[in-house]
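All values derive from a computational prediction rather than experimental measurement. In this chain, residues are counted from 1 in sequence order.
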Amino acid sequence: DIQLTLAAADLLTGGGVDTTHLYLFGYSQGGFLAFHVAMVASTRFAAAQIAAAGNPVGGGLVASAARHIPMGIMVGDLDGLLGLARSTRDELVAAGFEVNYVELPGEAHCCYIRMHASEIWSWLSPHAL
């Protein structure tokens with residue numbers, strides 16, 4: 001999946017897309033993938049946003065990032081992954097990353113992203129490589 005994500009980014013950049021404005025976004029399992037790719041390919045993306053997810057492997061993944069890529073994390077306060085999202089936030093902040101952490105009251109794991117798409121884009125879009 002990581003290689004597929006990077007290949008998709010290569011297709012975009014080969015087609016004339018502004019390479020300084022490539023972003024990662026993922027929800028739930030896709031959030032785990034987006035986080036992993038953000039760390040292993042931090043020099044290729046301007047910023048990343050994950051929702052209902054966190055650091056999928058723990059350990060040295062954050063420390064392995066070549067660049068402190070700006071990271072957005074959104075999670076519902078009723079989500080079973082809330083603890084992971086919080087610990088991921090804390091790990092990123094401790095390592096010196098810019099983190100936009102949003103905890104949504106009354107939301108569980110499913111389906112709140114469409115209601116927050118504009119605020120996610122408002123946070124992502126000003127970032128550039």
For D79, give me all partners under side-chain hydrogen bond (donor to acceptor under 3.5 Å, both in side chains), at least two apart in sequence or on another chain. H109

According to side-chain hydrogen bond (donor to acceptor under 3.5 Å, both in side chains), who are the partners of S125, at least two apart in sequence or on a separate chain? none

May I have the step-by-step check of side-chain contact (heavy atoms from CB on, under 4.5 Å) for N100 and L124, ending in yes or no? CA-CA 10 Å; N100 181 48; L124 277 172; over 6 Å; no

Quick one: CE on M115 to CD1 on I113, what's the gap to the nearest 0.5 Å? 8.5 Å

Going from CD on E103 to CG on L78, what distance comes out if it is rounded to the nearest 0.5 angstrom? 9.5 Å

4.5 Å side-chain heavy-atom contact, [X] and [Y]:
X	Y	answer
V37	F32	no
V102	H116	no
W121	Q49	no
V62	M39	yes
P70	F97	no
M74	E119	yes
L61	E91	no

Each residue besides L129 in its hydrophobic cluster should be listed here, by chain and number; the cluster joins Ile, Leu, Val, Met, Phe, Trp and Tyr at side-chain heavy-atom distances under 4.5 Å. none

Who are the salt bridge (charged side-chain N to carboxylate O under 4.0 Å, His left out) partners of [X], not counting sequence neighbours?
X	answer
E98	none
R44	D10
R67	none

Under 4.5 Å between side-chain heavy atoms, hopping through other hydrophobics if needed: is there a path connecting L82 to V93? yes

Count I, L, V, M, F, W, Y as connected when their side-chain heavy atoms are under 4.5 Å apart, and connections chain through other members. Are L33 and F45 then in the same cluster? yes

Closest non-hydrogen contact found for M71 with A38 is SD-CB, 3.9 Å

Could you list the residues that satisfy side-chain contact (heavy atoms from CB on, under 4.5 Å) with [X], not counting sequence neighbours?
X	answer
H21	D18, Y23, A128
A85	I73, V75, Y101
A34	L24, I50
A66	S42, T43

Side chain of N55, backbone of T88: donor and acceptor closer than 3.5 Å? no

H127: partners by ring-ring contact (aromatic ring centres under 6.0 Å, His included), with sequence neighbours left out: W123

For Y112, check ring-ring contact (aromatic ring centres under 6.0 Å, His included) against everything at least two apart and list the hits. Y27

